[in-house]
Structures are given as C-alpha cells and as structure tokens.
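The block underneath contains the structure these notes are about, expressed in structure tokens.
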Amino acid sequence: MIPYRLRIGLAALATLALTAPTLAAQPERTITVGGEGRATVARDLAVVEVGVVAQGPTARAALDRNSAAMAEVLDTLANRFGIAERDIETSLLDLRAEYERDPNGRPTGKVAGFHSTNQVRVRVRTLTKLGELLDAVVGAGANRIAGVGFTTETVADALDAARRLAVADARRRAALYAAAAGAGLGEVVSIREHLPPEPGPRAVAQAFAAEAAAAVPVASGETELRVAITVVFALEGD
C-alpha cells in the first residue's frame with residue numbers, strides 16, 4: 001500500500017504533468033487587435049411586388065375582375081419572360097367592402113361596392129429584362145407596383161475577399177503596435193469573426209400606381225459587404 005504522503009506527492013506530479021503542456025501552449029504575452037475588410041458585389045437579383053387592384057358592385061364581381069387581370073399578369077411573367085413558379089409567390093390577397101360616406105366623410109354602413117387586391121412577389125434573375133418586364137405587366141393589367149428592390153445571390157467570393165483584407169488589416173495594426181512597444185509579432189493565437197446581417201433587397205421604388213411606359217428605367221447598383229474580426233497575436237522578444 002502506498003503511504004498517504006507519497007500518494008499526495010504523486011497526485012501533485014500528475015496534475016503538474018497534465019497542466020504544464022496546456023500552460024506552455026498559451027503565449028505569455030499577446031496583443032488583441034481588430035481588423036476590417038470591405039468588398040463590393042454587383043446586385044444580380046431583383047425582387048418586384050406586382051399586383052392588381054379591382055373594384056366591383058359585389059364581392060364576386062370584384063374578385064372575378066381581379067382574377068382575370070391577374071391571370072394575364074402571371075401568364076406574361078411565365079410565358080413571355082420565363083419566370084419560374086418558384087420565383088413567384090403571393091404576398092397579398094385582400095377582399096373588402098367599401099362603404100358609402102355622409103357629407104362629413106363618415107361611413108354610413110351602406111355597402112357601395114367591393115375592393116379586391118392580389119399581389120405577388122417576383123424574383124427577376126435577368127436584370128437586363130427588368131424594365132421591359134415592368135412595362136409588360138402593366139400592359140397585361142397590373143395597376144400596382146409596391147416596390148422594386150435589388151439583392152445578390154453571389155456573395156461567397158466577395159466575402160472571402162473581405163475576410164482576407166480584414167486579416168491583413170489586423171496584422172498591419174498588430175505589427176505597428178508591437179514595433180512601438182519594442183516587441184516582435186508572433187503567430188496568430190485566435191481569430192473571431194463578426195459578420196453583419198446578410199444584405200437584403202435594396203428598395204429603389206416604394207409605391208406607385210403604374211401606367212404604361214415605353215421603357216421603365218432601373219439601376220441595380222452594388223452591395224458593399226463588410227467583415228470585422230478580432231485577432232489575438234503572440235508577442236515575441238523580452
């Protein structure tokens with residue numbers, strides 16, 4: 001049987017042996033800096049809200065008029081511009097009564113007619129056709145364009161470029177501080193990335209009742225991507 005004091009000594013040696021490599025793996029002196037990288041990417045996807053507003057003396061009449069016009073709009077999107085079903089989704093469907101008003105503008109409770117709205121969100125992947133598409137859907141019966149926004153589906157390469165710039169920026173800052181302190185810059189100990197929310201559609205038109213136009217001018221522009229990081233470097237020298 002091992003004496004009690006010897007057991008304590010062996011346990012202490014075992015603890016030291018286990019912790020020593022861990023402690024040795026951590027540099028005694030470090031410097032923590034931030035880095036930032038930015039890159040731009042062309043917007044390659046448009047998101048359009050297109051709809052039909054129709055009125056009628058009855059709910060059925062308003063809905064039928066709306067459905068007939070909307071069918072023409074959807075046919076134009078699918079057959080003329082090749083918009084896939086997965087890129088068209090209903091975003092608003094509304095049917096409500098409209099009431100007569102007295103001379104003071106207050107509803108009388110008497111139904112004057114019905115108001116029907118059907119609106120779809122369309123993703124347009126060929127931006128060169130966007131102006132023509134907007135004009136065509138208005139000609140097909142759309143009388144509501146609630147907004148046009150631009151976004152991108154190809155951000156991976158641009159984000160990687162921003163990441164490389166962020167690391168270079170962090171290293172430059174760390175080297176400056178280390179030199180000012182009379183130390184050398186060692187290896188990277190850790191990197192932590194801080195990504196902002198992914199860019200969503202950028203709206204360029206909020207709401208307008210569209211009338212037929214020969215060509216609707218649109219400009220997609222670019223999206224700026226930003227990557228911020230925190231980097232810990234080891235310091236070398238006495």
Side-chain angles (χ1 to χ4, degrees), residues 42-155 197-221 223:
R43 298 186 178 97
D44 57 6
L45 179 69
V47 181
V48 187
E49 295 275 351
V50 177
V52 173
V53 179
Q55 295 176 323
T58 65
R60 170 54 60 187
L63 191 59
D64 286 347
R65 290 175 183 175
N66 189 300
S67 297
M70 198 61 180
E72 292 294 327
V73 171
L74 294 176
D75 181 73
T76 298
L77 291 171
N79 296 323
R80 180 171 172 181
F81 292 94
I83 305 297
E85 288 186 8
R86 65 187 177 94
D87 288 329
I88 304 175
E89 60 180 322
T90 299
S91 58
L92 176 63
L93 185 60
D94 182 67
L95 177 65
R96 66 183 63 187
E98 294 181 331
Y99 294 92
E100 293 183 355
R101 295 181 178 274
D102 63 22
N104 295 319
R106 293 188 297 266
T108 63
K110 183 178 180 181
V111 175
F114 289 84
H115 181 101
S116 174
T117 303
N118 190 347
Q119 185 170 300
V120 293
R121 181 177 295 112
V122 185
R123 287 179 287 273
V124 183
R125 302 178 185 276
T126 306
L127 295 187
T128 56
K129 294 288 187 180
L130 180 57
E132 181 184 351
L133 180 147
L134 293 175
D135 178 57
V137 295
V138 170
N143 55 8
R144 177 181 175 88
I145 298 179
V148 179
F150 295 95
T151 185
T152 179
E153 291 188 316
T154 56
V155 300
E198 292 187 4
R202 181 181 70 94
V204 298
Q206 288 303 317
F208 56 93
E211 295 182 359
V216 180
V218 291
S220 59
T223 294

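Counting from 1, the numbers follow the sequence of the chain as shown. Given the structure is predicted, the values throughout are model-derived calculations rather than measurements.
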In Å, rounded to the nearest 0.5 Å, how long is the span from [atom1] of [X] to [atom2] of [Y]?
| X | Y | atom1 | atom2 | value |
| --- | --- | --- | --- | --- |
| His115 | Glu98 | NE2 | CD | 6.0 Å |
| Asn118 | Leu63 | CG | CG | 8.5 Å |
| Thr90 | Met70 | OG1 | CE | 6.5 Å |
| Arg86 | Arg123 | CZ | CZ | 7.5 Å |
| Leu134 | Ile145 | CG | CD1 | 5.0 Å |

Closer than 3.5 angstrom, by distance alone: can the side chain of [X] be matched with the main-chain N or O of [Y] as a donor-acceptor pair?
| X | Y | result |
| --- | --- | --- |
| Arg65 | Gln55 | yes |
| Asn104 | Arg106 | no |
| Asp102 | Thr108 | no |

Side-chain touch [X]/[Y], heavy atoms, less than 4.5 angstrom:
| X | Y | answer |
| --- | --- | --- |
| Leu77 | Asp87 | no |
| Val111 | Tyr99 | yes |
| Val124 | Lys129 | no |
| Leu95 | Asn66 | no |

Mind checking salt bridge (Lys or Arg N to Asp or Glu O under 4.0 Å) for Glu85 and listing every partner two or more places apart, or none if nothing turns up?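 Salt bridge (Lys or Arg N to Asp or Glu O under 4.0 Å) check on Glu85 returns nothing, list empty.
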Would you name the heavy atoms of [X] and [Y] that are closest together and state the gap between them?
| X | Y | result |
| --- | --- | --- |
| Ala62 | Phe114 | CB-O, 3.7 Å |
| Gly141 | Ala69 | O-CB, 4.3 Å |
| Arg96 | Asp94 | NE-OD2, 2.7 Å |

Check whether more than 12 heavy atoms from other residues, nucleotides or ligands sit under 6.0 Å from atom CZ of Arg125, and answer yes or no.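 Counting neighbours around CZ of Arg125, more than 12 heavy atoms of other residues, nucleotides or ligands fall under 6.0 Å, so yes.
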How would you list, by chain and number, every residue that makes a side chain to side chain contact (heavy atoms under 4.5 Å, CB included) with Thr128, sequence neighbours excluded?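 With neighbours one apart ignored, the set is Thr126.
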Between Val73, Val48, Val52, Val122, which is the residue that forms a side chain to side chain contact (heavy atoms under 4.5 Å, CB included) with Val137?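 By the side chain to side chain contact (heavy atoms under 4.5 Å, CB included) criterion, Val137 pairs with just one of Val73, Val48, Val52, Val122: Val73.
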